[in-house]
Amino acid sequence: MNQTVRVRFAPSPTGALHIGGVRTALYNYLFARKTGGKFLLRIEDTDQARFVPGAEEYIQEALAWLGISPEESPWHPGDCGPYRQSERKPMYMQYALDLIEKGHAYYAFDTAEELEAMRERLTAARVVSPQYNSITRTQMKNSLTLSEDEVKARLAFGEPYVIRIKIPRKEEVRLHDMIRGWVVVHSSTLDDKVLMKSDGMPTYHLANIVDDHLMKITHVIRGEEWLPSAPLHVLLYRYLGWEDTMPQFAHLPLLLKPDGNGKLSKRDAEKQGFPIFPMDWKDPVTGETAMGFREAGYLPEAVLNFLAFLGWNPGDERELFTLDELVEAFSIERIGKSGTKFDINKAKWYNEQYLREKTDAELGAFLKADIEKDGLGISEDKAAKIAHIMKDRVTFPQDIWRDSKFMLIAPTTFDQEVASKKWNQEAVSVLTQYMEELEGFTEEFSPEAAKALLEKAAETTGFKLGKVMQAVRLAVTGLGGGPDLMAVFSILGKEELAKRIKFALETLSIQS
RNA sequence: GGUCGGUUCGUCUAGGGGUUAGGACGUAUCCCUUUCACGGAUAAAACACGGGUUCGAUUCCCGUACCGACUACCA
């Protein structure tokens, strides 16, 4: 009875993996690790028309980037393969046939046109939601209405057909959801869903039940959008004779638009300029690229932490969790019921937190790469130093170079506003004196030394240092604000500093 | 329309028959600081509504409203 937990993430390879899907994968992963179970991935590619090249690889890479790779998957098969439904195609028909034999399913030969006609007829008769169900099936072309001989003949002729489930007329279907409790649905509201399509492939409904059973899945953790079809799934387990090993269900709250209402979509992301996919995705058909968290500069640990908290919380007041800590703290009971709006600000905050935990060397390496992309060069040591003074002031790694360009590129122009307000004779005097001090200085040019020297210059000229600091910064960086100036001086070095001050003195003095 | 689900600060949420309804993001102010940021502090900010049950309801029950999902030979 104490069977090993086995959970699965079952995406459809129809494009980039949506961030909501990533969260579903994460919760599955967390639950598996928390319970000492297995996390597997199954590709649900029963709709061949919607197959998108590259989508599978994208899913694999995205999970790997976040560090939540499945233990069993098409790429690392376990004992329950294949892990692609298209490759499991031969396995499904026998179960559909079994259902027909037991009287829980039937063949249907209706063409698309006939189905459309049926819907139109019902709509005209003021039926609000036309369904293929216990009433309408009596008027359609299927093995319930056709004679046995005719059904055999049609089958023998190779006429296209589907297999539909025969939903009982009136019966209460109950299911227990780990998040929502008991959900009761009346079978009269269900329709006779197609189980096997005319192309010989199963639909999601049949395939997921058969596969979950065969793969010994113990818990189905998926999005709330599946809740309405869950009763159908329960019926399928029952009719197939698998009810006693039916997995437990947990339907996750949906990820909603940041403003207004509705499910989070790609459009929202584009409109507001934030990513909604784990990584960049180039649509092979349209050639358009959708932005990903990875390329936008989000760290995987930040994305993980952010996603985990979208619909779940540990029950205490901690906010920062590593993957291992999430595993430790996770429980399905603490998943909320209501939909969650997607707030990118929170993601940015998480990113800042994790960015600051990076070492100067790590961030320095990143900075160095950015600098080299711009055709410039820098030593590792110097890059690390710049990273050090910058990392508390940025959200993304790439912001470091964006906001520290002045460290490598001497200013040629100066912030006009600051110049007009702060550049004056006092600053010119102090700076002129500072250059002299610099010339005679031979020890190591540390931030402390830079400061001592500057204080000396101020003292010599008789001006308050505080009054001219802004002007000094302006002279050296061209800007009105930035990281600790003395650290900047030290990294710049004496010679570069003197050069910049000289240029500023020449350029700025003229205009003021 | 029908079925199902949901509803605590702007957002993510804790809590739960009697609380000053707690935290985080964001916002504002102050402190720190030669600037900016970081950090620290403070503030504004919520139980959708109506009925019950109860001494007492935000919490339990029932309605209503609102929001969402689903309603394909898609998943």
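Order of the sequence lines sets the chain letters (A, B, ...), proteins ahead of strands, with each chain counted from 1.
Under 4.0 Å is where a charged nitrogen must lie from a carboxylate oxygen, and between A:D268 and A:K266 no such pair does.
The residue A:R126 sits apart from the nucleic acid: no heavy atom pair falls under 4.0 Å. Nucleic acid contact for A:L465: none, since no nucleic acid atom lies under 4.0 Å from a heavy atom of the residue. Contacts of A:N133 with the nucleic acid, taken as non-hydrogen atoms under 4.0 Å apart, are absent. Using a 4.0 Å heavy-atom distance criterion, A:F309 is classed as a sugar-phosphate-only contact. A:R164 comes within contact range of the sugar-phosphate backbone alone, with a heavy-atom separation under 4.0 Å but no base atom that close. As judged by a 4.0 angstrom heavy-atom cut-off over every strand, A:S198 is placed among the base-contacting residues. Contacts of A:P483 with the nucleic acid, taken as non-hydrogen atoms under 4.0 Å apart, include base atoms. At a threshold of 4.0 angstrom between heavy atoms, the contacts of A:G311 are confined to the sugar-phosphate backbone, with no base atom among them. A:R334 comes within contact range of the sugar-phosphate backbone alone, with a heavy-atom separation under 4.0 Å but no base atom that close. Nucleic acid contact class of A:D191 (heavy atoms, under 4.0 Å, all strands): none. Among the atoms of the strands shown, none is found under 4.0 Å from any heavy atom of A:T14. Within 4.0 Å of A:M390, counting heavy atoms only, lies no atom of the nucleic acid at all. No engagement by A:K348 is indicated, since no non-hydrogen atom pair under 4.0 Å with the nucleic acid exists.
Here the options are A:D192, A:T203, A:N133, the test is side chain to side chain contact (heavy atoms under 4.5 Å, CB included), and the partner is A:R164; only A:D192 passes.
For residues 176-188 of chain A, every residue pair satisfying the side chain to side chain donor-acceptor pair (under 3.5 Å) rule, not counting sequence neighbours, is listed here: A:D177-A:H251.
In this structure, CG of A:L307 is placed 13 Å from C1' of B:C12, rounded to the nearest angstrom.
Ring geometry, A:H233 versus A:H205: the interplanar angle falls from 30° to 60°, so the pair is classed tilted. Between A:Y350 and A:F309, the ring planes lie tilted relative to each other; the angle falls in the 30° to 60° range.
Pairing partner, B:G63: B:C49, with both Watson-Crick or wobble hydrogen-bond distances short of 3.5 Å. Figure legend. B:U11 is base-paired to B:A24; pairs are counted as Watson-Crick or G-U wobble with both atom distances under 3.5 Å. Look at B:C4: its Watson-Crick or wobble partner, with both distances under 3.5 angstrom, is B:G68.
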- Query: What string of B, S and - do you get for nucleotides 4-11 of chain B, 5' to 3', if B is base contact, S is sugar-phosphate-only contact and - is no contact with any protein heavy atom under 4.0 Å?
  - Reply: SSSS---S
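The side chain of A:D47 lies closest to B:C74, out of B:C74, B:U3, B:A69. Listed candidates were B:C73, B:A75, B:C25. Nearest to the side chain of A:R119 is B:C73. Taking the side chain of A:M469 as heavy atoms from C-beta on, and the options B:A75, B:A69, B:U34, the nearest nucleotide is B:U34. The nucleotide whose nearest atom lies closest to any side-chain atom of A:N313 is, among B:U13, B:C73, B:G26, B:U13.
Judged by atom type and distance alone, A:S129 reaches the base of B:G1 through a side-chain donor-acceptor pair under 3.5 Å.
The side chain of A:K263 places no N or O atom within less than 4.0 Å of a non-bridging phosphate oxygen (OP1 or OP2) of B:C67.
Straight-line distance between the C1' atoms of B:C9 and B:C25: roughly 12 Å, to the nearest whole Å.
For A:F342 and A:F274, the distance between ring centers is under 6.0 angstrom. When ring centroids are compared, A:Y161 and A:Y106 stay outside the 6.0 Å threshold.
At least one donor-acceptor pair under 3.5 Å links the side chain of A:T322 to the backbone N or O of A:E325.
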